[in-house]
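Have a look at the structure below before the remarks.
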Amino acid sequence: MAHPRSLWQRKDFSGVLADCDAVIYIAGDNPIAGENKNMLVDHQAAIRAVEEARQQGIKRFVYLSPVRPDESEESKETGAKDEPEEMIIQSGLVYTVIRPAKSASKPATGTITAASSLSDAEGEIPFEDVAAVLVESLGSEAAANRSFEIAPGQQQSLKH
C-alpha cells in the first residue's frame, strides 16, 4: 500500500480502492497548509476518495473525523475540519462519521461510550478502541447513515 502522502501527491485513489467493498477514511492534515493553517484537513483528498468510491461502486464509507466531541463550533470550522463530514453525508454512499474523544497510545479497554452527541466526553480513548469501532461500524446497521461521537466508557459495542 502506498504511503498516504504519496497518495495525496498523486491525487489518485483508484489503485488503492480497486476491489474494495468499503472504505475506512482517516482524516489527515493538509500537507501543504501554510503558516496560518486555514486548511488543517485535506478535505480535497476526502472528496477524491468519495468520488473514487462511487466510481468503483463501493457503497460503504466510514470517516474518522478530526473533530472531537468537546470541540467548540468555532474550532470545528477553523481550518475546514468539519467540511468533509457534510460532503460525505450528502455523497449518496452508506456512511458513518465517527468523532472520537482525544485518542492515545495506551492499552485497549474494549469499552466505549457512543452517542450522537457527547457534551461531557472526558478522558482519552485508546487507538485500538477507536480502530475497533471503525471496523465494527462497517457491518453495523445501527451505524449506517449516522454520525456519532465516541469516548472511553462502559459499552461493549455500538449495538448497545
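Positions are given from 1 along the sequence. Both backbone and side-chain heavy atoms feed into the values below; hydrogens, waters and symmetry mates do not.
Counting only distance, with no hydrogens or angles, the side chain of R60 and the backbone of S137 share a donor-acceptor pair below 3.5 Å. Between the side chain of Q56 and the main chain of S14, a donor-acceptor pair closer than 3.5 Å is present. The backbone N or O of V97 sits nowhere less than 3.5 Å from a side-chain atom of Y63 that would complete a donor-acceptor pair.
For the atom pair OH of Y25 and CD1 of I98, the computed distance is 15.0 Å after rounding to the nearest 0.5 Å. With rounding to the nearest 0.5 Å, the separation of CD1 in I125 from NZ in K102 is 13.5 Å. Interatomic distance, CG of D21 versus NZ of K59, reported as 11.0 Å (0.5 Å rounding). R146 contributes atom CZ, which lies 12.0 Å from atom CD1 of I89 (distance to the nearest 0.5 angstrom). Distance check, rounded to the nearest 0.5 Å: OG of S103 to CD1 of I150 gives 7.0 Å. Taking CD from E124 and OG from S105, the interatomic distance works out to 10.0 Å, rounded to the nearest 0.5 Å.
Nearest heavy atom pair, residue A114 against residue F148, reads CB-CD1, 4.1 Å. Listed here is the closest heavy atom pair of G123 and A101: O-CB, 4.1 Å. In plain terms, the two heavy atoms of L17 and A53 that are nearest each other are CD1-N, 4.0 Å. Between S147 and Y95, the closest heavy-atom pair is OG-CE1, 4.0 Å.
Under the 4.5 Å side-chain contact rule for hydrophobic residues, I24 and F127 do not share a cluster. Hydrophobic clustering (side-chain heavy atoms under 4.5 Å, transitive across Ile, Leu, Val, Met, Phe, Trp, Tyr) keeps L118 apart from V130. When the side chains of ILVMFWY residues are joined at heavy-atom separations under 4.5 Å, either directly or via intervening members, V94 and I58 end up in two distinct hydrophobic clusters.
A donor and an acceptor atom, one from each side chain of E51 and Q55, are nowhere located under 3.5 Å apart.
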Practice prompt. Any chance you could lay out the salt bridge (Lys or Arg N to Asp or Glu O under 4.0 Å) test for K106 and E128, step after step, and finish with the verdict?
Written response: CA-CA 8 Å; K106 59 185 193 179; E128 285 183 61; over 6 Å; no

Worksheet item: Would I88 and F61 count as a side-chain contact (heavy atoms from CB on, under 4.5 Å) if you check the C-alpha gap in whole Å, the side-chain angles of each, and the deciding distance to 0.1 Å?
Response: CA-CA 8 Å; I88 291 164; F61 200 96; 3.8 Å; yes

Practice prompt. Report the C-alpha distance between L93 and V50 in whole Å, list the side-chain angles of each, state the deciding distance to 0.1 Å, and finish with yes or no for side-chain contact (heavy atoms from CB on, under 4.5 Å).
Written response: CA-CA 8 Å; L93 299 172; V50 167; 4.0 Å; yes

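At a threshold of 4.5 Å between non-hydrogen side-chain atoms, the residues P84 and I47 do not count as touching.
In this structure, E52 has no salt bridge (charged side-chain N to carboxylate O under 4.0 Å, His left out) partners at least two apart in sequence or on a different chain.
Residue pairs meeting the side-chain hydrogen bond (donor to acceptor under 3.5 Å, both in side chains) criterion with at least one partner in residues 107-118, sequence neighbours excluded, are T109-T111, T109-D129.
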